[in-house]
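Notes follow the structure.
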Amino acid sequence: MGTPGQEIFTTADGLAVPAVTEEGMREVDRIAVEDTGPALFQMMENAGRNLALQAIDMMGPAWASSKVVVLAGTGGNGGGGICAARHLANRGADVTLSVTRVEGLGEVPAYQRHVFLGTQGREASVGELPADGVGLVIDALLGYSLKGAPRGAALEAIRWANACAAPKLSLDVPSGVNSTTGDTPGEYIKPAATLTLALPKTGLKAHLTGDLILADIGIPVACYQKMGLKYQSPFGAAYRVPLRQSDSAQGERAAISR
Ligand SMILES: NC(=O)C1=CN([C@@H]2O[C@H](COP(=O)(O)OP(=O)(O)OC[C@H]3O[C@@H](n4cnc5c(N)ncnc54)[C@H](OP(=O)(O)O)[C@@H]3O)[C@@H](O)[C@H]2O)[C@@H](O)CC1
Ligand SMILES: [K+]
C-alpha cells in the first residue's frame with residue numbers, strides 16, 4: 001500500500017498499475033528513446049491515434065459531423081494532439097487546430113503538423129476559435145513538462161477552453177496540473193476525461209482528471225524492467241483501459257475497519 005494520500009490506480013479487474021512522477025516518466029521516455037524503443041515518432045503516433053479514438057468514443061455516433069477544436073502546445077503533448085487532429089480530419093470530422101506558437105514547435109510535433117496540413121483540417125488562433133457549436137475540445141497544450149503557472153498563449157487557450165461549454169479531453173495530464181503532485185499553480189483545464197500515456201502519473205488526482213483512461217503507446221516491458229518497475233501489462237487485447245484512482249489512505253482505513 002502506498003504512503004497515505006498517494007493515489008493507487010487500478011484497472012476494472014483490480015490490477016494495480018504502478019504510477020510515476022514527472023521524473024519517472026521522463027526516465028521511461030529516455031530509456032525508450034535511447035535504448036529499448038519505440039522512437040519518439042512512434043510513441044507520439046500511438047498517443048495521437050489513441051487520442052483520436054477516445055475523442056470518437058466521447059462524441060458518440062455524431063462524431064463525424066461534430067466540430068472538434070484541438071489546442072496544441074509546442075512539445076510532445078502538442079504533438080500527440082496534432083496527430084489526433086490529423087486522424088479525425090482524415091475521417092471527415094470538422095477539425096480546427098490551434099497551436100500556441102507554430103514557430104516554437106519541436107522537430108517531431110512540427111512533423112505532425114506537416115502531416116495535418118495534408119488534411120481538410122483548419123488552423124486558427126485562439127481569438128478566431130468558434131464561440132459555440134463545438135462538440136469536443138482536445139487539450140494537448142501542456143503535459144508533464146509544466147513549469148509553473150500557465151502563461152502566455154497556453155494560458156489564453158486554457159481560458160478559452162474553460163469558458164467553452166463543450167467537454168474537454170486532456171492528453172496525458174490536464175494542462176496546468178503538476179503531473180507529480182497534482183498541484184495547480186495557476187489556471188488549469190477541467191476535463192471530462194484524461195487519456196494518460198503508458199503509466200498513470202502520481203499527480204492525476206480523482207478530482208482533477210474526470211474519467212481516467214490509460215493508453216498504450218507500445219513501450220516494451222524491458223523498458224519498465226530497466227526502471228526497476230514491477231510491470232504487468234494492464235491492456236489485454238485493448239489499447240485503452242479505464243483506470244480507477246483510490247487514495248491509499250482510504251485503502252488503509254478500509255483495511256483497518258475490516
Ligand atoms: N512516453 C511518454 O510519456 C510520451 C509522452 N509524450 C508526450 O510528451 C509530453 C511531454 O513532452 P515535453 O517534454 O515536450 O513537454 P510538454 O509537456 O509537451 O510541454 C512542453 C512545452 O510547454 C511549455 N510550457 C511549460 N510550462 C509552461 C507554462 N507554465 N506556461 C506556458 N507554457 C509552458 C514549454 O514551452 P516553452 O516555454 O519552453 O516555449 C514547452 O515547450 C508528455 O506529457 C506526453 O503528452 C509523447 O511524446 C509520447 C511519449
Ligand atoms: K494536456
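Whatever order the structure lists them in is the order used to number ligands and atoms, beginning at 1. When a residue number appears, it is its place in the shown sequence, counting from 1.
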Under 4.0 angstrom from ligand 1, any heavy atom of [X]?
| X | answer |
| --- | --- |
| V173 | no |
| P150 | yes |
| G148 | yes |
| V28 | no |

Part of [X] within contact of ligand 1 (heavy atoms, under 4.0 Å):
| X | answer |
| --- | --- |
| A149 | backbone |
| I217 | side chain |
| N77 | both |

Which ligand 1 atoms does G143 reach within 4.0 Å, using its non-hydrogen atoms?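 Within the 4.0 Å cut-off of G143, ligand 1 contributes 16 (P), 17 (O), 43 (O).
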Under 3.4 Å: N/O/S of L171 next to the K ion (ligand 2):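 So L171 does bind the K ion (ligand 2) by this criterion.
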Please confirm whether the backbone N or O of D216 pairs with a side-chain atom of N50, one donor and one acceptor, at under 3.5 Å?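 Yes; judged by distance alone, with no hydrogens or angles, the pair exists.
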Backbone N or O of G203 within a donor-acceptor pair of the T180 side chain at under 3.5 Å?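 Pair absent, no side-chain N/O of T180 close to backbone of G203.
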Which of the listed options, V108, L195, T74, holds the heavy atom that is closest to atom 35 (O) of ligand 1?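 The residue whose heavy atom sits nearest atom 35 (O) of ligand 1 is T74.
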Could you tell me whether K201 and ligand 1 have an N or O pair separated by under 3.5 Å?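 No, K201 has no N/O under 3.5 Å of an N/O on ligand 1.
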Please note down the angle at the K ion (ligand 2) between O of V173 and O of D139, to the nearest 10°.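 If I round to 10°, I get 120°.
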Angle subtended at the K ion (ligand 2) by S175 OG and L142 O, rounded to 10 degrees: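 OG of S175, the K ion (ligand 2) and O of L142 span an angle of about 70°.
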Under 3.5 Å, is there a donor-acceptor pair between the Q245 and H207 side chains?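 No donor-acceptor contact under 3.5 Å links the two side chains.
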